[in-house]
K.L.:
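Before we start, here is the structure in question, set down as structure tokens.
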Number of protein chains: 2
Amino acid sequence: MLDSCENCAHFEDSEWSVLGGCNAKGLDCARRSRHFLPGEPVYHEGDEPSGIYCVSSGLIGIRKVDAEGDSMLLRLVRPGQTFGYRSALTGAPHGVSAEALKDARVCHIPAATVRKALAEEPGLLMAFFRHLADDMAAAEVKVMETVSASCRVRFLRLLMALGGGEDAGLLELPVSRQDIASLIGVRSETMSRVIRGIEDEGLAHFSGRRVEIPDPHRLAEESVGALAA
Amino acid sequence: MLDSCENCAHFEDSEWSVLGGCNAKGLDCARRSRHFLPGEPVYHEGDEPSGIYCVSSGLIGIRKVDAEGDSMLLRLVRPGQTFGYRSALTGAPHGVSAEALKDARVCHIPAATVRKALAEEPGLLMAFFRHLADDMAAAEVKVMETVSASCRVRFLRLLMALGGGEDAGLLELPVSRQDIASLIGVRSETMSRVIRGIEDEGLAHFSGRRVEIPDPHRLAEESVGALAA
DNA sequence: CCTTGAAATTGATCTGCATCAATACAGGCC
DNA sequence: GGCCTGTATTGATGCAGATCAATTTCAAGG
């Protein structure tokens with residue numbers, strides 16, 4: 001089986017790596033892989049959980065809609081990462097929705113299998129706890145940024161985060177500009193203006209989804225604060 | 001022992017309740033109770049974790065400071081609730097700070113005891129996972145609200161949350177107005193104006209920290225949206 | 001090539017909240 | 001009482017970003 005969990009390119013980084021080989025085999029038998037088209041929902045807010053999801057390729061977006069009906073993109077889930085585990089483990093209905101942002105292949109591990117794995121390998125729950133702790137830390141930073149930083153700074157920081165440590169001054173925006181806007185909590189018009197401003201200053205060059213950053217170091221400095229004159 | 005964990009008024013609601021009586025005794029021996037003055041820190045951002053904290057009386061605030069130096073109150077921890085468990089369980093340094101907001105008595109359960117309890121009772125980790133899941137859900141709502149709702153609406157919702165289901169139209173603000181402002185992410189001047197506005201409309205009556213709400217139902221309606229003309 | 005519809009840009013205007021700067025109003029203490 | 005230090009209120013002004021409305025760009029299909 002070429003595309004088994006154990007052979008998955010991201011297996012070592014995922015929570016499942018705490019499972020010994022034998023349990024990982026159980027995972028592999030039970031999982032069902034499925035393709036999603038861009039925009040297609042994986043689950044909705046309020047749905048009952050049915051298991052844990054794992055992205056094998058493409059990109060998933062976690063979204064939340066508020067009482068007034070406007071939605072916001074809370075975070076992105078990349079290949080190798082799990083999602084939906086929170087509800088799967090607590091049993092509570094999903095508090096957020098998940099949807100494909102580009103063509104994606106997603107594995108689904110049914111709740112029963114998850115329960116079995118949890119019972120056999122106590123370390124697994126701790127692995128998910130760590131994941132949740134990281135997500136929580138990110139959420140806290142997001143709250144802080146949203147209230148204190150300008151949308152320009154928030155966008156620059158997002159750029160750096162997307163750069164992902166690679167200081168090759170070239171990166172690709174994973175999603176549409178509307179979604180980028182939604183990710184930092186601004187209107188798309190504002191997004192355009194911010195991008196234009198950055199372009200004009202020569203801080204970065206945008207064409208389509210390609211972003212070229214001539215001087216990553218300067219960008220880093222600007223993103224530190226609104227201190228810039 | 002009058003004030004043991006098992007006799008704690010909040011024991012049943014806390015994560016510790018999953019421990020059988022024998023393990024709870026271990027808790028009780030190891031814990032150290034300590035008093036904190038208002039404003040006194042329990043731990044700082046970046047500190048290494050040393051165990052789990054449990055509020056027995058008073059009020060604790062969870063705060064975060066960003067790069068620019070301005071801080072924000074993220075959430076409140078009430079008697080019977082635990083805090084600091086995230087770092088204690090993952091081993092990572094605290095990502096937020098905790099401080100007493102009023103005279104408080106806080107129990108500290110050392111890391112070694114926590115480890116022992118976790119090993120003996122697998123359900124304990126799940127209890128903390130649930131707690132974290134709840135905190136995460138609250139954080140997600142907070143992000144949404146911060147970007148989409150006006151500060152007026154955010155404050156009205158906070159009032160409702162503080163009312164805590166009790167529709168007795170009388171409640172007490174747990175903290176100073178500065179802290180309330182920090183909790184919803186606005187300046188204290190704006191807070192004053194918002195309160196004045198609400199007062200003028202007769203939606204609620206404020207005197208010191210006492211808040212009287214003549215018509216809770218009307219307040220609930222207003223807090224639903226900025227739809228109000 | 002033309003059509004169609006969605007995504008992105010641009011401009012004009014409006015408004016909520018921050019900011020700056022006084023002033024009022026406490027509670028503790030001599 | 002009067003004084004003093006921190007908290008709360010009020011006013012005047014400025015600006016970031018939302019909103020409304022009109023194009024422009026672009027990818028996909030006929």
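Lettering of chains follows the sequences in order, A, B, ..., and the numbering in each one begins at 1. Basis for what follows: all heavy atoms, side chains included, without hydrogens, waters or symmetry-related copies.
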K.L.:
Rounding to an integer number of Å, can you tell me how far B:Asp179 CG sits from D:dA8 C1'?
P.N.:
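Spelled out: CG on B:Asp179 to C1' on D:dA8 is 13 Å.
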K.L.:
Return the set of residues passing side chain to side chain donor-acceptor pair (under 3.5 Å) with A:Asp70 (not counting sequence neighbours), or none when no residue passes.
P.N.:
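Scan of A:Asp70 (side chain to side chain donor-acceptor pair (under 3.5 Å), adjacent residues dropped) gives none.
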K.L.:
What is the per-nucleotide protein-contact pattern of nucleotides 9-15 of chain D, from the 5' end, where B denotes a base atom under 4.0 Å from a protein heavy atom, S denotes such proximity for sugar-phosphate atoms only, and - denotes neither?
P.N.:
BBBB---
K.L.:
Please enumerate all residues that pass salt bridge (charged side-chain N to carboxylate O under 4.0 Å, His left out) together with A:Lys142, with sequence neighbours excluded.
P.N.:
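With sequence neighbours excluded, A:Lys142 shows a salt bridge (charged side-chain N to carboxylate O under 4.0 Å, His left out) to no residue whatsoever.
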K.L.:
Test of understanding: with ring-ring contact (aromatic ring centres under 6.0 Å, His included), list the residues that count as partners of B:His131, not counting sequence neighbours.
P.N.:
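Testing B:His131 for ring-ring contact (aromatic ring centres under 6.0 Å, His included), a comparison that skips the adjacent residues, returns B:Tyr85.
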K.L.:
With B:Glu48, which residues qualify under salt bridge (charged side-chain N to carboxylate O under 4.0 Å, His left out), at least two apart?
P.N.:
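Expected list: none.
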K.L.:
Which nucleotide of DNA chain C is the first, and which the last, in the 5' to 3' direction, to come under 4.0 Å of a heavy atom belonging to chain B?
P.N.:
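Result: C:dC17 to C:dC20.
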K.L.:
Listed by chain and number, what are the side chain to side chain donor-acceptor pair (under 3.5 Å) partners of A:Glu145, not counting sequence neighbours?
P.N.:
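Partners of A:Glu145 under the side chain to side chain donor-acceptor pair (under 3.5 Å) test: A:Arg157.
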K.L.:
Quick one: which residue pairs count as a side-chain hydrogen bond (donor to acceptor under 3.5 Å, both in side chains) with a foot in residues 180-194 of chain A, not counting sequence neighbours?
P.N.:
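Checked against side-chain hydrogen bond (donor to acceptor under 3.5 Å, both in side chains) - neighbours excluded - no pair reaches residues 180-194 of chain A.
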K.L.:
Determine whether the side chains of B:Arg105 and B:Ser33 contain a donor N or O and an acceptor N or O closer than 3.5 Å.
P.N.:
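Their side chains do contain a donor-acceptor pair, which is all the 3.5 Å distance test asks for.
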K.L.:
When you match A:Arg187 and B:Ser176 each to their closest nucleotide on DNA chain D, which lands nearer the 5' end?
P.N.:
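By nearest-heavy-atom nucleotide position, the 5'-most residue is B:Ser176.
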K.L.:
What pairs of residues pass the ring-ring contact (aromatic ring centres under 6.0 Å, His included) test when at least one of them lies in residues 46-66 of chain A, not counting sequence neighbours?
P.N.:
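For residues 46-66 of chain A, and leaving out neighbouring residues, the ring-ring contact (aromatic ring centres under 6.0 Å, His included) pairs sorted by first residue read A:Tyr43-A:Tyr53, A:Tyr53-A:Phe83, A:Tyr53-A:His108.
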K.L.:
Over how many whole Å does the gap from B:Leu173 atom CG to D:dA8 atom P extend?
P.N.:
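After rounding, the reported distance stands at 10 Å.
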